[in-house]
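Below: one structure, written as structure tokens.
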Amino acid sequence: ADALTFIRTTPLAQWLGFVEPSWDSRGPLRLSGELHVPLGAAAHELAVRLRADLDGVDLDMPGYRLALSDLAGSFRYRYPFEVDASNVRGVLFDEPVTLGARSDRQRVHILIDGQARPADLWQIIDVPDPGLARGTFPYQADLAVAVSDERVTELTVSSSLEGLVQGLRS
């Protein structure tokens with residue numbers, strides 16, 4: 001089953017509300033986990049632990065102008081807000097990337113380590129590329145997706161800009 005459909009059609013939707021309606025995913029994944037539901041006054045608290053093993057999954061997040069493809073690796077979720085992943089491989093901007101994830105009570109952080117071109121960054125901020133630079137450069141990004149309406153999603157990108165060449169269009 002599609003991971004986003006699973007999230008949207010189960011009680012996970014209330015705990016993973018940061019998953020936007022416009023997001024789309026396709027590709028093979030395997031879900032496994034544990035669910036403990038309290039049935040009486042002396043019962044333990046609700047406990048949910050899930051693991052998603054991705055094997056060539058594509059994830060389109062149009063609101064952020066990001067389309068990840070060929071994702072392979074594992075993400076873990078623990079009720080209510082804990083998301084964790086490391087060393088997930090994929091493709092972004094037609095370049096290989098390594099992804100991770102972590103969370104706190106305000107945001108889920110999608111951590112990306114990869115390569116990009118200037119046009120890719122202009123695309124994210126929805127501005128035409130002025131053609132002032134060319135080349136491919138390394139970057140590390142933290143897409144901090146807000147888990148509640150009281151916070152805003154933030155994107156932080158850092159780079160040495162090594163490989164970037166300045167120049168005007170000819």
Side-chain angles (χ1 to χ4, degrees), residues 1-8 12-13 15-29 52-77 81 83-170:
D2 173 344
L4 295 179
T5 300
F6 179 75
I7 290 169
R8 291 176 179 132
L12 289 174
W15 306 314
L16 297 174
F18 63 87
V19 174
E20 296 184 6
S22 64
W23 290 12
D24 184 35
S25 70
R26 31 200 185 281
L29 75 128
D53 295 312
L54 313 175
D55 186 18
V57 170
D58 297 339
L59 175 61
D60 187 22
M61 299 182 287
Y64 303 123
R65 296 176 200 85
L66 294 174
L68 295 155
S69 62
D70 203 26
L71 295 171
S74 298
F75 278 86
R76 289 163 297 288
Y77 166 76
F81 299 114
V83 177
D84 180 53
S86 62
N87 208 30
V88 174
R89 304 286 182 188
V91 175
L92 177 63
F93 308 130
D94 297 320
E95 296 285 343
V97 293
T98 302
L99 293 102
R102 64 179 174 79
S103 58
D104 55 41
R105 291 237 174 246
Q106 288 84 31
R107 293 181 175 86
V108 171
H109 299 265
I110 301 172
L111 309 168
I112 307 170
D113 191 350
Q115 300 272 330
R117 290 170 293 284
D120 301 326
L121 296 180
W122 292 111
Q123 171 191 320
I124 288 174
I125 60 173
D126 199 22
V127 173
D129 181 0
L132 300 176
R134 64 184 193 287
T136 303
F137 56 93
Y139 69 91
Q140 295 76 44
D142 178 354
L143 178 60
V145 181
V147 296
S148 72
D149 292 337
E150 289 118 34
R151 302 277 182 215
V152 296
T153 295
E154 299 174 352
L155 175 63
T156 304
V157 179
S158 62
S159 174
S160 66
L161 300 179
E162 185 177 326
L164 190 64
V165 178
Q166 294 180 342
L168 298 174
R169 287 186 183 170
S170 37

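Computed from heavy atoms alone, side chains included, the values below leave out hydrogens, waters and symmetry copies.
- Between Y139 and L121, the closest side-chain pair of non-hydrogen atoms is not below 4.5 Å.
- A pairwise comparison of heavy atoms in P28 and G56 identifies CD-O, 4.0 Å as the closest pair.
- In terms of modelled atom types and a separation under 3.5 Å, the side chain of D53 and the main chain of G73 share no donor-acceptor contact.
- A distance of 10.5 Å separates CD of Q106 from CD of E154, quoted to the nearest 0.5 Å.
- Atom CG of L4 is separated from atom CG of L29 by 9.0 Å, given to the nearest 0.5 angstrom.
- When all heavy atoms are compared, the tightest approach of T153 to A146 is OG1-N, 3.1 Å.
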Between I125 and R65, does a side chain to side chain contact (heavy atoms under 4.5 Å, CB included) hold up when you go through it step by step? CA-CA 8 Å; I125 60 173; R65 296 176 200 85; over 6 Å; no
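- In this structure, S86 OG and R76 CZ are separated by 5.5 Å, a value rounded to the nearest 0.5 Å.
- Atom-to-atom distance recorded for L68:CG and L99:CG is 5.5 Å, nearest 0.5 angstrom.
- Under the 4.5 Å side-chain criterion, counting only non-hydrogen atoms from C-beta, L164 is in contact with P118.
- A donor-acceptor pair under 3.5 Å is absent between the side-chain atoms of S69 and the main chain of D58, judged by distance alone.
- By the neighbour-count criterion of 12 heavy atoms within 6.0 Å, atom CH2 of W23 is densely surrounded, having more than that number from other residues, nucleotides or ligands.
- Rounding to the nearest 0.5 Å places CE of M61 at 12.0 Å from CG of D24.
- Contact annotation: the side chain of D142 approaches that of R102 to within less than 4.5 Å [non-hydrogen atoms, C-beta and beyond].
- Here the side chain of R107 pairs no donor or acceptor atom with the backbone of L143 at under 3.5 angstrom.
- A donor-acceptor distance shorter than 3.5 angstrom exists from the side chain of S159 to the backbone of P138, with no hydrogens or angles considered.
- The closest side-chain heavy-atom distance from L59 to L54 is not below 4.5 Å.
- Taking OG1 from T5 and CZ from R26, the interatomic distance works out to 12.0 Å, rounded to the nearest 0.5 Å.
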Could you pull out every donor-acceptor pair under 3.5 Å between side chains of residues 87-97 and any protein atom, sequence neighbours left out?
unit_1 : atom_1 : unit_2 : atom_2 : d
N87    : OD1    : R89    : NH2    : 3.0
R89    : NH1    : T98    : OG1    : 2.5
E95    : OE2    : R117   : NH1    : 3.1

